[in-house]
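In each ligand, atom 1 is the first atom listed, and ligand 1 is the first ligand listed.
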Amino acid sequence: MRAKISGLGMYVPPRVLTNFDLEKILDTSDEWITTRTGIKERRIAEEWERASDIALPASKEAIEKAGLTPKDIDAVIVATSTPDMTFPSTACFLADKLGCNKPMAFDISAACSGFIYGLTIANSFITSGQFSNILLVGAEVFSKIVDWSDRSTAVIFGDGAGAVVLTKTEEEDTGILSAVMKSDGSHWGSLHCPVGEKLKMRGRETFKMAIKSMETASKKALEEANLSLEDISLVIPHQANIRIINALAERLNLPDDKVFSNIHRYGNTSAASIPIAMYEAYEEGRFKKGDYLLLTAFGGGLTWGSVVLRY
Ligand code: UT7
């Protein structure tokens with residue numbers, strides 16, 4: 001028994017905040033943000049919009065593309081660091097809004113690595129035979145926890161949601177082939193958000209650890225899947241900074257066309273960044289059914305991990 005991705009969906013709020021808009025409220029410039037991060041613009045949720053609201057259209061699309069209805073979903077998992085409430089989980093709100101039939105529902109708190117963690121959790125529920133269809137969503141409204149007076153973090157993050165449906169399959173050599181997930185809580189202070197406060201990050205320190213951790217986890221995940229980078233059609237890394245993505249590509253010896261990036265349009269959407277990137281890469285024809293993908297993420301915790309899958 002394996003778990004394959006049977007549907008993809010995404011949603012970003014329509015409101016665009018460009019680097020030029022930020023120039024008006026912060027001591028920053030489009031030139032600094034572009035050269036240091038690769039970001040040109042990001043999306044910002046409305047005042048009333050919460051993570052479950054932006055997760056909803058992404059989820060509807062993924063369920064429809066999987067050829068299913070919300071009633072077919074056995075479990076709803078939301079990876080988020082910006083939940084609607086401390087409890088109930090964002091997943092409970094989402095399942096209710098979708099009209100699911102009382103599925104298991106819970107959130108994952110693993111910051112930017114949440115989607116990678118979630119893939120493995122969903123995969124385990126399916127390969128154990130417990131569930132047949134799982135909705136996994138990365139949904140973030142970081143605009144609500146960003147300190148809009150801190151130029152070192154305000155320019156980086158954005159809001160958005162990406163969703164996948166994982167479905168039981170008996171097809172061989174398909175779905176999630178390997179997963180490496182790690183954490184190191186001793187570095188919590190590098191990137192954190194105390195309850196009721198705003199996000200804090202020591203950027204330079206996080207930057208270095210991100211590259212090293214994603215490189216190591218990616219090599220290990222490939223080894224565990226018995227594959228090499230030549231077998232991989234596309235690497236989809238967490239979209240934290242274009243310089244991190246480029247440094248990772250260099251260390252892995254990857255040509256530009258094997259690494260996907262859309263950070264210029266959305267900034268860092270934390271747990272939503274990989275499913276949003278996967279959605280756009282698929283729509284752009286960057287991979288197709290049967291291709292091997294390598295996904296890798298890094299974030300607060302610290303947490304990091306890599307997944308190799310066959311789409
Ligand atoms: O998603 C999970 C993990 N997150 C990450 O992986 C983020 C990792 N870190 C980064 O992406 C980068 O460290 C940043 C983009 C956050 C910062 O880039 P940097 O090249 O590491 O810059 P820095 O923090 O070393 O700051 C360099 C200079 C400083 O000025 P001085 O001290 O040299 O005078 C900052 O004050 O740039 C200044 N600066 C800015 N200037 C204009 C910091 N932010 C800005 C800004 N506009 N927005």
Hey, are D291 and Y282 close enough side-chain-wise for a donor-acceptor pair under 3.5 Å? no
E31: salt bridge (charged side-chain N to carboxylate O under 4.0 Å, His left out) partners, not counting sequence neighbours: none
Taking every heavy atom of G299 against every heavy atom of L191, the minimum-distance pair comes out as C-CD2, 4.3 Å
Minimal non-hydrogen separation, G305 against I116, with atom names: C-CG2, 3.9 Å
May I ask you to test the F298-C112 pair for a side-chain heavy-atom distance under 4.5 Å? no
Quick one, list the residues around ligand 1 where some non-hydrogen atom comes in under 4.0 Å, by chain and residue number. D27, T28, W32, R36, T37, C112, R151, S152, V155, I156, L191, M201, G203, R204, T206, F207, H238, A240, N241, R243, I244, N268, F298, G299
Over-ring placement of R310 relative to Y292, 6.0 Å and 45° cut-offs: yes
